[in-house]
Structures are given as C-alpha cells and as structure tokens.
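Working notes for the structure below.
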Amino acid sequence: MCGIAGYYGRKIIGTKNINSTAIRMRNRGPDNFAYERYNLNNNKILLLHSRLSIIELSSKANQPILFKDQVLIFNGEIYNYLELRDKMISKGVKFISNSDTEVLIKCLKFYGKKSFDMLEGMWAFALLDLKKNQLILSRDRFGEKPLYFKKTKGGIFFGSETRFIEKLSGYDEQVNNQKINEFLKYGFGSVFHDNHTFLQNLTAIEPGENLIISKDLRIIRKKYWKLNANNRKIKKVNLRNEIKNIKKILTNSVKLRLRSDVKNVFSLSGGVDSGSLVSISKKVLKYKTNTYSILSKDKKYNEANLINKTVKDTKVKNK
C-alpha cells in the first residue's frame with residue numbers, strides 16, 4: 001500500500017507543500033519517503049513516493065526509480081514479476097535487485113504498450129519519459145489501486161489519495177455534494193459508477209486506463225483494457241472438467257499472490273471466498289498460513305461459527 005503523488009506543469013511546488021504531503025503519505029508507506037524534481041523545457045515535474053516494503057526489502061527497491069530515460073513511482077504489486085524477469089534476462093536484460101518495481105520499469109521500457117498485456121497485478125503508477133517530456137498515469141484493469149488527478153490552468157496534480165493532491169497544491173477542495181447525496185441514497189456501490197469523487201475538481205482515473213500528459217499539458221485518455229462479453233453459445237459443459245480447470249486456475253492465482261518477503265496473513269471471515277483462499281494456501285500449497293478475524297457483537301452479523309469450522313478444518317492459527 002505505497003503512496004504516490006506528483007505534479008507536471010509550469011508551477012514550482014514549494015518545500016512547505018512537499019513536507020505537508022510527505023506527512024500525509026506516511027500512512028500508506030512508513031518504510032521510506034523520497035521525491036525527485038525534474039525541469040524539462042518549460043515543465044516542472046515533481047514525483048513523490050512513500051514505501052511499504054513487501055518485495056525486496058532493501059533500499060534497492062526505493063523509489064522514484066530511474067532507468068535510462070524513464071522514472072517510475074509505483075503503488076501495487078506485479079504478481080508475475082519473476083516470470084517477466086526471467087523472460088527479460090533471457091534477452092540480455094540485467095537486474096540489480098529482486099523487486100517487482102525494477103521489473104516493471106524495465107518491462108515498460110523494453111516492451112512499451114505491449115507491457116499492459118503482459119502484466120498480471122494491481123497497480124497505480126506514474127511513468128515520466130525524460131526524452132519525450134511525457135508523463136503516463138496508469139491504473140490497473142479493475143481499479144484495485146486508487147489514482148486521482150486534478151487539472152489546473154498551470155498543470156496537473158495527481159495522487160493515490162485525494163488529500164495528497166490537496167496538500168501538494170495547497171488548496172482545500174470544495175465538497176462534492178452531489179456525490180455525497182448519491183452515496184447516502186444508493187450506498188457504497190454508487191461511489192464507483194463514475195469517475196467523480198467526493199471533492200470537486202478531483203477526478204479518478206478509470207480502471208484499465210492510461211492518462212498520457214504531453215509537454216504542452218494536453219491530456220489523452222486511453223483504455224488499454226476492457227472486459228468483453230463472451231456471446232458464444234455453449235452447447236455442452238463437462239462439469240467435472242470445468243471444476244478441475246477452475247481449481248487449477250484459482251490455485252495458480254493464489255500461488256502468485258503469496259509471493260512476498262514478509263509474512264502473509266489472511267483476513268478470514270465466514271464467507272466462501274476467504275475460506276477457499278485459506279484452504280488452498282494451507283492444504284493445497286502447504287503454505288505456513290496465518291489468519292485473523294474481526295467479529296461483530298451483533299449476533300446477526302457474527303460469523304464465528306463458520307470461521308471456527310474453517311480454522312478446525314485447516315488447522316491455521318487465527319487471531
């Protein structure tokens with residue numbers, strides 16, 4: 001849960017604003033904070049990163065990270081980074097760390113747009129091209145990682161929290177009353193039906209979308225992925241084979257997501273989803289699995305009985 005923030009435009013962002021943003025970013029990344037400034041023609045670029053160390057715990061994975069003529073700040077995880085790393089090594093690419101961050105920036109450099117078909121993971125990142133004087137803001141396919149931006153007369157602010165943008169710009173945004181009314185009327189699901197936020201003038205980058213900001217501050221929005229409906233008529237389904245295939249896909253998916261240089265802990269509820277993941281981790285992959293549960297005092301929502309059944313079946317340590 002790293003934090004990213006930045007600015008691309010004509011304005012010089014003062015140290016006071018940077019420091020107040022850094023304080024705000026600690027909750028997303030307590031392990032390291034750093035920023036870099038760049039001057040490209042008339043543009044002033046500022047990239048900030050707060051790090052929560054999960055993969056490659058050394059300072060080699062600190063950000064912003066520079067490779068050739070590109071600079072990256074990244075929040076998220078690339079699950080298939082080892083496979084991508086091996087592929088690039090076979091083509092002569094050298095690495096100095098074991099981080100998915102280094103894999104990401106080098107993948108973007110060597111494969112360009114094709115990278116987005118190769119990446120399996122969740123991310124929000126900013127990639128600065130020093131040669132083209134261009135900034136790309138990218139959000140993963142399903143929008144698991146948040147990323148917001150604000151366009152002003154002199155430039156573009158961005159961040160993984162709306163408060164980062166407020167601190168960096170030094171301007172307290174007005175509340176978006178329409179968004180609040182929709183939330184109160186229709187519930188949590190209404191938050192994501194469009195890219196408006198609870199603050200005016202701040203917009204969410206859409207899932208599966210890249211924002212390309214050119215040196216003249218024009219913004220081009222490009223969808224690199226969307227979910228397409230499969231309208232094929234299925235005549236006959238072999239239930240046994242389908243169950244086998246789903247188990248195989250799910251097990252491999254869990255295996256990739258267990259890659260970590262720190263201990264993984266599952267949030268175990270009484271639902272079939274968390275119970276299945278814990279069972280696959282412990283019983284199929286033989287992973288040393290730890291869990292925790294949050295119980296409601298309201299009996300109507302207390303799932304202790306179902307949780308205890310999973311704990312008994314898998315013999316995990318639950319807190």
Side-chain angles (χ1 to χ4, degrees), residues 1-6 25 28-36 47-129 135-147 160 205 207-210 224-225 251-266 277 281 285 287:
M1 197 180 69
C2 300
I4 66 171
M25 292 176 75
R28 293 190 68 91
D31 297 319
N32 186 69
F33 174 80
Y35 70 91
E36 294 289 346
L47 302 175
L48 301 87
H49 186 269
S50 59
R51 184 182 178 201
L52 178 65
S53 302
I54 302 295
I55 295 174
E56 176 61 270
L57 306 184
S58 76
S59 60
K60 292 178 182 179
N62 287 348
Q63 302 173 46
I65 181 173
L66 171 68
F67 178 65
K68 294 190 175 181
D69 52 10
Q70 294 187 336
V71 188
L72 175 74
I73 50 174
F74 160 57
N75 169 37
E77 186 173 344
I78 305 302
Y79 303 128
N80 63 333
Y81 75 102
L82 292 178
E83 288 77 11
L84 293 174
R85 189 176 190 269
D86 289 343
K87 183 175 182 177
M88 286 187 280
I89 287 175
S90 70
K91 295 181 180 296
V93 181
K94 295 182 179 181
F95 291 84
I96 62 171
S97 76
N98 295 312
S99 73
D100 58 338
T101 302
E102 186 182 7
V103 169
L104 176 58
I105 192 171
K106 291 184 176 179
C107 185
L108 290 166
K109 179 62 180 177
F110 284 99
Y111 295 105
K113 296 177 183 178
K114 293 180 181 179
S115 299
F116 295 98
D117 295 326
M118 302 165 65
L119 298 173
E120 182 176 349
M122 54 180 179
W123 67 81
F125 69 72
L127 181 72
L128 175 64
D129 191 312
L135 183 70
I136 297 176
L137 303 178
S138 180
R139 194 174 178 202
D140 62 70
R141 296 178 182 89
F142 293 100
E144 292 181 75
K145 291 300 180 182
L147 189 55
S160 45
I205 294 175
E209 181 179 65
N210 289 337
Y224 65 83
W225 182 89
T251 300
N252 185 61
S253 180
V254 173
K255 185 178 180 180
L256 288 180
R257 284 152 180 79
L258 286 175
R259 289 172 171 172
S260 173
D261 292 328
V262 295
K263 183 168 66 175
N264 282 315
V265 181
F266 287 82
L277 299 180
S281 173
L285 298 175
Y287 187 82

Determine, step by step, whether Lys87 and Tyr111 satisfy the side-chain contact (heavy atoms from CB on, under 4.5 Å) criterion, reporting the C-alpha distance in whole Å, the side-chain angles of both residues, the deciding distance to 0.1 Å, and the verdict. CA-CA 11 Å; Lys87 183 175 182 177; Tyr111 295 105; 3.8 Å; yes
Can Ile4 and Phe74 be said to form a side-chain contact (heavy atoms from CB on, under 4.5 Å), step by step? CA-CA 7 Å; Ile4 66 171; Phe74 160 57; 5.7 Å; no
Test log, rule side-chain contact (heavy atoms from CB on, under 4.5 Å), inputs Val71 and Ile65: CA-CA 6 Å; Val71 188; Ile65 181 173; over 6 Å; no
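Shown here are the side-chain contact (heavy atoms from CB on, under 4.5 Å) partners of Asn62, two or more places apart in sequence or in another chain: Asn32, Arg51, Ser59. With sequence neighbours excluded, no residue forms a ring pair (Phe, Tyr, Trp, His ring centres under 6.0 Å) with Tyr287. The salt bridge (Lys or Arg N to Asp or Glu O under 4.0 Å) search around Glu144 returns none, not counting sequence neighbours. With sequence neighbours excluded, the residues forming a salt bridge (Lys or Arg N to Asp or Glu O under 4.0 Å) with Glu209 are Arg221, listed by chain and number. Residues passing the side chain to side chain donor-acceptor pair (under 3.5 Å) test with Thr101 are Gln63, sequence neighbours excluded. Under the rule for a ring pair (Phe, Tyr, Trp, His ring centres under 6.0 Å), Phe95 has no partner lying at least two apart in sequence or in another chain. Partners of Ser281 under the side chain to side chain donor-acceptor pair (under 3.5 Å) rule, at least two apart in sequence or in another chain, are Thr289. In this structure, Asn252 has no side chain to side chain donor-acceptor pair (under 3.5 Å) partners at least two apart in sequence or on a different chain. For Ser138, the side-chain contact (heavy atoms from CB on, under 4.5 Å) test picks out Phe116, Trp123, Phe125, Asn210, Tyr224, with sequence neighbours left out. Not counting sequence neighbours, the partners of Glu56 by the side chain to side chain donor-acceptor pair (under 3.5 Å) test are Ser58.
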Kindly list each side-chain donor-acceptor pair under 3.5 angstrom involving residues 75-82, sequence neighbours excluded, with atom names and distances?
residue : atom : partner : partner atom : Å
Asn75   : OD1  : Cys2    : N            : 2.9
Asn75   : ND2  : Cys2    : O            : 3.4
Asn80   : OD1  : Glu120  : N            : 3.0
Asn80   : ND2  : Met118  : O            : 2.9

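Residues Ile55 and Ser260 share a closest heavy-atom pair of CG1-CA, 4.4 Å. Here the closest heavy-atom approach between residue Leu135 and residue Ala126 is recorded as CD1-CB, 4.3 Å. In terms of heavy-atom proximity, Met25 sits nearest to Gly3 at CE-O, 3.3 Å.
Rounding to the nearest 0.5 Å places CG of Asp261 at 5.0 Å from CG of Leu57. For the atom pair CE (Met88) and SG (Cys107), the distance works out to 5.0 Å, reported to the nearest 0.5 Å. To the nearest 0.5 Å, atoms CZ (Arg85) and CG (Asn98) are separated by 5.0 Å. Here the CD1 atom belonging to Ile73 is positioned 7.0 Å from the CG atom belonging to Leu48, to the nearest 0.5 angstrom. In this structure, the separation between CG on Leu127 and CG on Asp129 is 7.0 Å, given to the nearest 0.5 Å.
Counting heavy atoms from C-beta outward, Leu47 and Leu128 have side chains that approach closer than 4.5 Å. When side chains are defined from C-beta on, Leu119 counts as touching Leu84, because their heavy atoms get closer than 4.5 Å.
For residues 92-116, every residue pair satisfying the salt bridge (charged side-chain N to carboxylate O under 4.0 Å, His left out) rule, not counting sequence neighbours, is listed here: Asp69-Lys109, Glu102-Lys106.
Side-chain atoms of Ser50 do not come within 3.5 Å of backbone N or O of Phe33 as any donor-acceptor pair. Formation of a donor-acceptor pair under 3.5 Å by the Arg139 side chain with backbone atoms of Ile205 is found in this model. Side chain of Ser160 to backbone of Pro146: no donor-acceptor contact under 3.5 angstrom is found.
Between Glu83 and Lys255 there is no salt bridge, since no side-chain nitrogen of the basic residue lies less than 4.0 Å from a carboxylate oxygen of the acidic one.
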